[in-house]
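In what follows, a structure is listed as structure tokens, so that the remarks can point back to it.
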Amino acid sequence: MLGAFRENCASFGEWLTRPAAPSMYDRQLVWIALALMVTGLVMVTSASVPVATRLTDMPFYFALRHGFFLACSLVIAGFMVQIPLERWRQLSVPMLLVSILLLIAVLVIGRSVNGAARWIPLGIFNLQPAEVAKLSLFIFLAGYLVRQYHQVRDSFFGFIKPLVVLAVLAGLLLQQPDLGSFVVMFVTTVGMLFIAGAKLWQFLAMLAAAMMGIALLIVFEPYRLRRVTSFMDPWEDPFGSGYQLTQSLMAFGRGDWLGQGLGNSIQKLEYLPEAHTDFVFAVLAEEVGLIGVTVVLLLIFSLVFKALFIGRKCLQSGQLFGGFLAFGFGFWFAFQTLVNVGAAAGLVPTKGLTLPLISYGGSSLFIMATAVAILIRIDHEQRLAAKYGPAEELDDDDNEQE
């Protein structure tokens, strides 16, 4: 008996110290994404119990739906990771056209929530075309930057063409209205063009024009102006325009270092609106404190770092499409997290953007899971190219064509 126990201990110690076999995909990226998904399921379950009880008399109604969405997103990711990057590049234009049609459809048959028509009801879940448009735009832009690589770097015409596409999407998004999604698309587009090597003066001119346009959109739209003024001083009207932010700040204050414990949030008890969607991070801060917030932010930072690192390796090895797309996903994850967390913490005006892989919502989970799956595929093809040699690239004549 003692000999068998020693043998088992020795085997276990050897397993711990033996290096893992080389893999053709990034296992750390998979674990980071799964950790964020599990965190989201736990926090949505905790944050949604009061509102689910009031609306449906089923405390775990939203938790069960989120669990179903999460299972579906894993199945979707499993299929998407099998699709070669070349196929994504071929489908980039059709996907963009479908996204534009969906953005038009939502204006006609969309479901209105809190004054915004952003969802198309599909029975078991509501499709948010803005999420589909983000993914489609970034895939299209990565393909465009490969086709027009030299033109983007050398001429203003090559730089401005993707902005025309962005302007079309912006016009449709602002009709919903959904300024937050447009800002995410704009920032990510700017980042991808910068990585492609566009000239600095073009960026400065575009940023100046964008800032002026966003300022005009805020000034001439009363509800946006109220959001900005309440963001500047939410305590001036704590039961009116500043209500959401003051309740969110109280949740952060109650969280302290270690939090109140899972399930012990007070602000989620009908005080904090949208506790399981836009403000799930405030509930997380109240229940797990600064330590838990830091861990979650480090996980998201690791996801962003992985995307940027994969993009850098692809560009160095000449895989331009995968490289540009990975950088785009990294900018997307980073900026959307910044806006969501910043809105909950009072650092930026409130916007209806989800926290990647954590907030409640089928459309967001499905699209984010697809993006992570594509990122895993990009890394996989980069490792294959490093091991067996690069795949056949486009020739110079193809690069000069649209």
Side-chain angles (χ1 to χ4, degrees), residues 95-122 125-141 162-190 210-211 213-228 230-231 241 244-245 273-274 276-280 328 331-344 348-356 359-368 370-371:
M95 286 179 61
L96 184 66
L97 295 177
V98 170
S99 298
I100 293 174
L101 292 176
L102 288 174
L103 289 174
I104 295 172
V106 77
L107 298 176
V108 179
I109 61 172
R111 176 187 173 191
S112 179
V113 178
N114 296 329
R118 302 177 184 174
W119 294 268
I120 298 176
L122 295 179
F125 83 105
N126 296 320
L127 175 67
Q128 189 172 3
E131 297 294 331
V132 181
K134 291 175 191 175
L135 180 65
S136 300
L137 174 64
F138 304 148
I139 293 176
F140 168 80
L141 189 57
L163 299 183
V164 174
V165 176
L166 180 62
V168 173
L169 296 175
L172 295 172
L173 287 170
L174 294 176
Q175 292 297 315
Q176 297 181 10
D178 190 358
L179 180 61
S181 293
F182 162 65
V183 173
V184 170
M185 290 181 179
F186 174 78
V187 170
T188 305
T189 299
V190 169
M211 295 299 293
I214 292 173
L216 292 175
L217 289 172
I218 291 173
V219 169
F220 290 105
E221 191 68 47
Y223 84 94
R224 292 192 187 116
L225 188 59
R226 284 196 301 271
R227 283 185 176 182
V228 173
S230 64
F231 155 71
S241 60
Q244 274 187 315
L245 183 52
E274 312 295 341
H276 62 298
T277 54
D278 297 347
F279 283 87
V280 69
F331 298 146
W332 176 18
F333 297 154
F335 189 74
Q336 188 153 320
T337 299
L338 173 65
V339 173
N340 182 279
V341 174
V348 300
T350 303
K351 298 306 303 174
L353 291 175
T354 58
L355 189 60
S359 293
Y360 173 83
S363 294
S364 176
L365 262 180
F366 297 161
I367 295 300
M368 288 293 178
T370 299

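Residues take their numbers from the sequence shown, with the count starting at 1.
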Side chain to side chain contact (heavy atoms under 4.5 Å, CB included) assessment of T337 paired with L355: CA-CA 6 Å; T337 299; L355 189 60; 3.9 Å; yes

With Q128 as partner, the option from V106, L102, D178 fulfilling side-chain contact (heavy atoms from CB on, under 4.5 Å) is D178

In short, L174 meets L179 closest at the heavy-atom pair CD2-CD1, 3.8 Å

Shortest non-hydrogen pair, L141 vs P162, comes out as CD1-CB, 3.5 Å

Heavy-atom closest pair (L103 atom, P129 atom, distance to 0.1 Å) is CD2-CB, 3.8 Å

Rounded to the nearest 0.5 Å, the OG1 atom of T189 sits from the CZ atom of F182 at a distance of 9.0 Å

For A343, the side chain to side chain contact (heavy atoms under 4.5 Å, CB included) test, sequence neighbours excluded, returns V348

By side chain to side chain contact (heavy atoms under 4.5 Å, CB included), L122 pairs with (sequence neighbours left out) I120, F125, L127

So CG of L96 and CG of L135: to nearest 0.5 Å the spacing works out to 11.0 Å

In S364, S359, S363, the residue satisfying side chain to side chain donor-acceptor pair (under 3.5 Å) with T354 is S364

Exactly one candidate in V184, V132, L169, T188 meets side-chain contact (heavy atoms from CB on, under 4.5 Å) with L137; the answer is L169

Between the CD1 atom in I104 and the CD atom in Q175, the distance rounded to the nearest 0.5 Å is 11.0 Å

Checking M185 against L173 for the side chain to side chain contact (heavy atoms under 4.5 Å, CB included) test, could you report, in this order, the C-alpha distance in whole Å, the side-chain angles of both residues, the deciding distance, and whether it holds? CA-CA 11 Å; M185 290 181 179; L173 287 170; 3.7 Å; yes

Applying side chain to side chain donor-acceptor pair (under 3.5 Å) to E131 and not counting sequence neighbours gives K134

Heavy atoms of P273 and F279 approach each other most closely as O-CD1, 3.8 Å

_Under the criterion side chain to side chain contact (heavy atoms under 4.5 Å, CB included), I'd like the reasoning laid out for F331 against V190: C-alpha separation, chi angles, the key distance, then a yes or no._
CA-CA 10 Å; F331 298 146; V190 169; over 6 Å; no

